[in-house]
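Excluded from the calculations below are hydrogen atoms, water molecules and symmetry mates; all remaining heavy atoms, backbone and side chain alike, are included.
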Amino acid sequence: MCTVCGCSEGEVRVEGASAGEKDARAPEKHTHSHDHAHGYSSAPVTVEGDNLHFGRGPAHAHAPGLSQTRMVQIEQDILGKNNRYAEINRQRFMRDNLFALNLVSSPGSGKTTLLTASIERTGQRYPVAVIEGDQQTANDAERIRATGVKAIQVNTGKGCHLDAHMVGHALDHFSDLSGGVLFIENVGNLVCPAAFDLGEAHKVAILSVTEGEDKPLKYPDMFHAADLMLLNKVDLLPYLDFDVEQCIAAARRVNPEIGVIQVSARSGEGMDIWLEWIEQRRRALIQARIDQLQTEINKLKACL
């Protein structure tokens, strides 16, 4: 787990270039001033009958050879550095009036299919671009590019998620997206991406009806971090034993404020509602930017 050990930042490559090339945002090289054979154990296992809990210490995780204190320190260091990059990204999004969404899900949720269908329905109303995250291959990026939209593939190597530094590198490959929408398709993983702020406006969790209704309870951090859950592949409901209301109740038990839209890229159900959700928030972001600039203009006029 990335924030447990923190020893590897993966073998990141932005397609066509190495993300490790030195630039102004390049992080300090991780050097080990410590021995990994720390010699003390992490939090003890909590036993409840036949259930073993490894996540009830202060770090809410377990790694052999690392104490809970050390794990918390590593997580704070890594996330603190990530948050600084995320703030830089957020400022770039604001400067460019760019509405950024971080799409997160488990593998096989239909995320890329939903994304290509969304792009095709959006048409040319505003600029759209995609940052694709996977451990290897540019397969999903190629599917996005087939729609005519520019996609930058970020391969994380051993990394299990995108971080704000990677997204900053990918942003360098786009131009003229003012007023548009940037989709960030994260690595398929319902655990680690929850902890990493990319500077996005919203995290959107995509859960397909071919998965269990109780996934929000199994992976609560992700659904707690998301503002919206897209319940995907609802065209398959007649063929499955999946309780929609139970799933929504599970998500709202974790996050009472989470929005829910039922969608199917195949049948088109819910797609208009999803795209309207995007449009309303994109327009609100631009209006907020207009209001901010108008305030600054008024201040300058007062100086005349």
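Judged by distance alone, the side chains of Asn186 and Asn102 do bring a donor and an acceptor atom under 3.5 Å apart. A donor atom on one side chain and an acceptor atom on the other are not found under 3.5 Å apart for Asp235 and Ser267. Between the side chains of Glu185 and Thr112, at least one donor N or O lies within less than 3.5 Å of an accepting N or O.
Contact check on Arg282 versus Glu279 returns a salt bridge, with a Lys/Arg side-chain nitrogen under 4.0 Å from an Asp/Glu carboxylate oxygen. Salt-bridge annotation for Asp172 and Arg92: present, with a side-chain N of the basic residue lying under 4.0 Å from a carboxylate O of the acidic one. By the 4.0 Å N-to-carboxylate-O rule, Glu87 lies close enough to Arg90 to be salt-bridged with it.
The environment of CG in Asp291 is crowded: more than 12 heavy-atom neighbours from other residues, nucleotides or ligands sit within 6.0 Å. For His224, the NE2 atom counts as loosely surrounded, since its 6.0 Å shell holds 12 or fewer non-hydrogen atoms of other residues, nucleotides or ligands. Crowding of Leu240 atom CG: a count of heavy atoms from other residues, nucleotides or ligands under 6.0 Å exceeding 12. Summarising the local packing, CG of Asn298 is surrounded by more than 12 heavy atoms from other residues, nucleotides or ligands at distances under 6.0 Å. Atom CZ of Arg121 sits in a crowded spot, with more than 12 heavy atoms from other residues, nucleotides or ligands closer than 6.0 Å. For Arg125, the CZ atom sits in a packed shell: over 12 heavy atoms of surrounding residues, nucleotides or ligands are nearer than 6.0 Å.
Separating the CD atom in Glu142 from the CZ atom in Arg145 is a distance of 4.5 Å, to the nearest 0.5 Å. Separating the NZ atom in Lys233 from the CZ atom in Arg266 is a distance of 9.0 Å, to the nearest 0.5 Å. Ile131 contributes atom CD1, which lies 5.0 Å from atom CD1 of Ile184 (distance to the nearest 0.5 angstrom). Distance check, rounded to the nearest 0.5 Å: CG of Leu228 to CD1 of Ile258 gives 7.0 Å. Taking CG of Leu285 as the start and CD of Gln287 as the end, the distance is 10.5 Å to the nearest 0.5 Å. The line from CG of Leu207 to CE of Met222 is 11.5 Å long, rounded to the nearest 0.5 Å.
Using cut-offs of 30° and 60° on the angle between ring planes, the pair His202 and Phe99 is perpendicular.
In this structure, the side chain of Asn89 engages the main chain of Ala164 through a donor-acceptor pair within 3.5 Å. Judged purely by atom type and a 3.5 angstrom limit, Glu269 has no side-chain atom pairing as donor or acceptor with the backbone of Ser264. For Arg70 (side chain) and Ser67 (main-chain N/O), no donor-acceptor pair under 3.5 Å exists by modelled atom type. With Gln135 contributing its side chain and Gly159 its backbone, the two residues share a donor-acceptor pair below 3.5 Å. Looking at Asp134, its side chain never comes within 3.5 Å of a backbone N or O of Gln136 through a donor-acceptor pair. Side-chain atoms of Asp221 never come within 3.5 Å of backbone atoms of Ala195 as a donor-acceptor pair (strictly under, hydrogens ignored). Remark: the backbone N or O of Trp277 is paired with a side-chain donor or acceptor of Arg281 at under 3.5 angstrom. Not one N or O on the side chain of Lys81 forms a donor-acceptor pair closer than 3.5 Å with the backbone of His165. A donor-acceptor contact shorter than 3.5 Å links the side chain of Glu211 to the backbone of Ser208. A distance-only check finds a donor-acceptor pair linking the side chain of Asn83 to the backbone of Leu79 [under 3.5 Å].
If you chain together hydrophobic residues whose side chains sit under 4.5 Å apart, Phe183 and Val167 never meet in one group.
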For side-chain contact (heavy atoms from CB on, under 4.5 Å), just list the numbers for Leu190 and Lys218, CA-CA rounded to whole Å, side-chain angles, deciding distance to a tenth of an Å, and then say yes or no. CA-CA 10 Å; Leu190 277 177; Lys218 287 183 174 180; over 6 Å; no

Do Glu296 and Leu293 pass the side-chain contact (heavy atoms from CB on, under 4.5 Å) test, and can you show the C-alpha distance, the side-chain angles, and the key distance before you say yes or no? CA-CA 5 Å; Glu296 293 179 11; Leu293 292 173; 4.2 Å; yes

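Using a 4.5 Å heavy-atom threshold, the side chains of Ile278 and Tyr126 count as touching. For the pair Leu182/Phe174, a side-chain contact is recorded, criterion being any heavy-atom separation below 4.5 Å from C-beta on. Side-chain contact between Leu162 and Phe196 is absent, with no heavy-atom pair separated by less than 4.5 Å. For the pair Leu115/Arg143, no side-chain contact is recorded, criterion being any heavy-atom separation below 4.5 Å from C-beta on.
In this structure, Met71 and Ala59 approach most closely via the heavy-atom pair CB-CB, 3.8 Å.
For residues 198-207, every residue pair satisfying the salt bridge (Lys or Arg N to Asp or Glu O under 4.0 Å) rule, not counting sequence neighbours, is listed here: Glu200-Lys203.
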